[in-house]
Participant: 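Mind having a look at this structure? Questions to follow.
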Amino acid sequence: MINVCDINVMKPLLAEHGFHFSKAKGQNFLIAPWVPQSIAEEAGVDDTAGVLEIGPGIGPLTQQLCLRANKVCAVELDNRLKPILDRTVGEFDNLEIIWNDVLKLDVPALVKEKFGGLRPMACANLPYYITSPILSALLEAECFDSVTVMVQKEVAQRIAAQPGSADYSAFTVFCQYYAEPELLFDVPAHCFLPQPKVTSAVIQLKVRKERTWDILDQDIFFRTVKASFAMRRKKLSNGLASGFPELGKSGAAEVIAAAGFPENVRGETLSIPEFARIANEIVKYKQR
Ligand code: SAM
C-alpha cells in the first residue's frame, strides 16, 4: 500500500499527474499518518460497517477505512484525482468511488442501496467551505449510526457547546437534536499540505436512536431555535415576536409564560427540551 501521507511519496505522485491543489474545493491533504489511522480507529470502523467517505482526496483516510470496513463508498467532486486514486486505493475491492458533488446526492437512498445489512457510518476530513451543509445533510438523512468528521476546531467546539456558553448556537442545537457529540482530538495545521490557517479537530456525532423530548412540530421547533438565537443577549420574547410575527409581543410573552419561563429569559441559555417546551406552546397558541 502506498504511504500517501509521506510527503516524499505524495509530492512526486501529485507532480507526475500535474495536480495542483484547489483552494475553492477545500483541498488540504493529510501528511501525518497518525491522523487518518486515528480517525478510522476512533470512529469504530469494523467489518460490520458500511462507510460513506466524503472527499477522499488522494486517499489517506480511504485506505484506513478500506482496511477495516466491510464496504466503503467515497464521494469525490474533483475527477482530476481519478488516476491518483487508481494508484493509491485501486487495490481495494471493498471500495466504490462516486464522482459527484456530495450535496447533490440523495444520501438515504445511496446508503440503502450500497450498505444493505451493514452498520452505516460517515467518516471524512471535510472540505471546510461546506462543513455546515454537509453535516446538515448527513444528520438529516437519519440513516447513520455515527458521523465522525474533521472540521475546523472552532466548528467542533460550536457543535459540542453547552447552553449559555459563547459557542452555543442554532447549529449546536441542530446537531445535538440529531446526535450526541464527542470531541475526539485536535489536529494541528502542520499535519496538512497545504497548511490551513486554522487548527482542526475530529468530532464524533453518535446519532440518537430516540429523542427523549416531545416535539409536536419539528419545523416550528427549528424556527423557534432560529428566532431565539437571532437576537442574542436580548429577551427571548423579542426574538420570538420577530421570528413569529403571528404571535406579536403579547403572544410571545404568553407562550414563554405558558412554557414555565420567566419573562426575561434569554434564548441562548435554553437546552433542547426547554426549546421544545416553548415550541410546543407556540404550536398550541397557533391552534387556538
Ligand atoms: N480525505 C483527504 C485527506 O484527508 O487528505 C482530502 C480531504 S480535503 C480537506 C477535502 C476533499 O473534499 C478534497 O478532495 C475535495 O476535492 C473534496 N470535495 C470538495 N467539495 C466536495 C463536494 N462538494 N463533494 C465531494 N467532495 C468534495
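Below, all heavy atoms of this structure are taken into account, side chains as well, without hydrogens, waters or symmetry copies. Both counts, for ligands and for their atoms, begin at 1 and track the order of listing.
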Participant: List the closest protein heavy-atom neighbour of atom 4 (O) of ligand 1: residue, atom name, distance to the nearest 0.1 Å.
Facilitator: N125 ND2, 2.7 Å

Participant: Are K23 and Y129 close enough that some pair of their side-chain heavy atoms sits under 4.5 Å apart?
Facilitator: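 No, their side chains stay 4.5 Å or more apart.
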
Participant: Could you list the atoms of ligand 1 found under 4.0 angstrom from a heavy atom of Q27?
Facilitator: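 Listed by number with element: 13 (C), 15 (C), 16 (O).
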
Participant: Pull out every atom of ligand 1 sitting under 4.0 Å from any heavy atom of N100, numbered as shown with elements.
Facilitator: 24 (N), 25 (C)

Participant: Quick check: is F21 connected to I54 through a chain of hydrophobic side chains (ILVMFWY, heavy atoms under 4.5 Å apart)?
Facilitator: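 No.
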
Participant: Is it true that the NZ or CZ of R158 lies under 6.0 Å from the centre of Y168's six-membered ring and within 45 degrees of the ring axis?
Facilitator: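 Pair R158/Y168 does not count as cation-pi.
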
Participant: Using a strict cut-off of 4.0 Å, indicate which atoms of ligand 1 neighbour a heavy atom of F29.
Facilitator: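 Matching atoms, with element in brackets: 5 (O), 6 (C), 14 (O).
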
Participant: Test F29 against F192 for ring-ring contact (aromatic ring centres under 6.0 Å, His included), laying out the working first.
Facilitator: CA-CA 5 Å; F29 293 171; F192 300 85; 9.9 Å; no

Participant: Run the numbers for me: atoms of ligand 1, each under 4.0 Å from some heavy atom of N28, listed by number.
Facilitator: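 Reading through ligand 1 atom by atom, the close ones are 7 (C), 8 (S), 9 (C).
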
Participant: To the nearest 0.1 Å, how far is atom 23 (N) of ligand 1 from its closest protein heavy atom, and which atom is that?
Facilitator: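 In this structure, atom 23 (N) of ligand 1 has D101 OD1, 2.9 Å as its nearest protein heavy atom.
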
Participant: Under 4.0 Å, heavy-atom basis, I'd like to know which part of I130 is in contact with ligand 1: side chain, backbone, both or neither.
Facilitator: side chain

Participant: Between E76 and K82, does any NZ, NE, NH1 or NH2 come within less than 4.0 Å of an OD or OE carboxylate oxygen?
Facilitator: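 A salt bridge is absent here (no side-chain N lies under 4.0 Å from a carboxylate O).
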
Participant: Can you name the atoms of ligand 1, numbered from 1 with element, that are less than 4.0 Å from a heavy atom of P56?
Facilitator: 1 (N), 2 (C)

Participant: Can you find a heavy atom in the side chain of T48 that is under 4.5 Å from one in the side chain of L118?
Facilitator: no

Participant: Given P127, G26, C5, which one has a non-hydrogen atom that is nearest to atom 9 (C) of ligand 1?
Facilitator: G26

Participant: So, do M150 and V187 sit near enough that their side-chain heavy atoms are less than 4.5 Å apart?
Facilitator: yes

Participant: What is the closest protein heavy atom to atom 24 (N) of ligand 1, and at what distance does it sit?
Facilitator: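 For atom 24 (N) of ligand 1, the nearest protein heavy atom is V102 N, 3.0 Å.
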
Participant: Looking only at distances, can you tell me whether any N or O atom of G55, backbone or side chain, sits closer than 3.5 Å to an N or O atom of ligand 1?
Facilitator: yes

Participant: Against ligand 1, does I134 come closer than 4.0 Å with any heavy atom?
Facilitator: no

Participant: May I ask you to decide whether R223 forms a salt bridge with E246, counting only side-chain N to carboxylate O separations under 4.0 Å?
Facilitator: yes

Participant: Taking R119 as the fixed residue, which of D47, D46, N70 is the one that meets the side chain to side chain donor-acceptor pair (under 3.5 Å) rule?
Facilitator: D46

Participant: Note the single closest protein heavy atom to atom 26 (N) of ligand 1, along with its residue, its atom name and the distance in Å.
Facilitator: L77 N, 3.4 Å

Participant: Look at atom 17 (C) of ligand 1 and say which protein heavy atom is nearest, naming residue and atom and giving the distance to 0.1 Å.
Facilitator: E76 OE2, 3.4 Å

Participant: Would you call K249 and E254 a salt bridge, using N to O less than 4.0 angstrom?
Facilitator: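 Between E254 and K249 there is no salt bridge, as every charged N stays at least 4.0 Å from the carboxylate O atoms.
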
Participant: Would you call L103 a ligand 1 contact, heavy-atom distance under 4.0 Å?
Facilitator: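 No; L103 lies far enough from ligand 1 that no heavy-atom distance drops under 4.0 Å.
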
Participant: Counting from 1, what ligand 1 atoms have a heavy atom of L30 closer than 4.0 Å?
Facilitator: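 Here the atoms of ligand 1 in question are 3 (C), 4 (O), 5 (O).
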
Participant: Within less than 4.0 angstrom of ligand 1, does M150 place any heavy atom?
Facilitator: no

Participant: Report, in ascending order of atom number, the atoms of ligand 1 lying under 4.0 Å from any heavy atom of L126.
Facilitator: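 Going through ligand 1 atom by atom, the ones under 4.0 Å from L126 are 9 (C).
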
Participant: Heavy-atom contacts with E53 under 4.0 Å: which atoms of ligand 1 show up? List them by number with element.
Facilitator: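 Every atom of ligand 1 under 4.0 Å from some heavy atom of E53: 1 (N).
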
Participant: What protein heavy atom sits nearest atom 19 (C) of ligand 1, and how far off is it?
Facilitator: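 Minimum-distance protein heavy atom for atom 19 (C) of ligand 1 reads K25 O, 3.1 Å.
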
Participant: Check this for me: does any side-chain nitrogen of one of E16 and R87 sit under 4.0 Å from a carboxylate oxygen of the other?
Facilitator: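 Between R87 and E16 there is a salt bridge, with a charged N closer than 4.0 Å to a carboxylate O.
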
Participant: Between N28 and Q195, is any side-chain donor less than 3.5 angstrom from a side-chain acceptor?
Facilitator: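 N28 vs Q195: no donor-acceptor pair found between side chains.
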
Participant: Decide whether the shortest distance between a heavy atom of T62 and an atom of ligand 1 is less than 4.0 Å.
Facilitator: no

Participant: Applying a strict 4.0 Å limit to heavy atoms, is L61 in contact with ligand 1?
Facilitator: no

Participant: What part of Y129, side chain, backbone, both or neither, has a heavy atom within less than 4.0 angstrom of ligand 1?
Facilitator: side chain

Participant: So do I97 and T62 actually touch side chain to side chain, heavy atoms under 4.5 Å?
Facilitator: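 Counting from C-beta outward, T62 and I97 never come under 4.5 Å.
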
Participant: When only distance counts, is D78 in polar contact with ligand 1, meaning an N/O pair under 3.5 Å?
Facilitator: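 For ligand 1, there is no N or O atom that lies under 3.5 Å from one belonging to D78.
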
Participant: Is any side-chain heavy atom of V151 less than 4.5 Å from a side-chain heavy atom of N125?
Facilitator: no

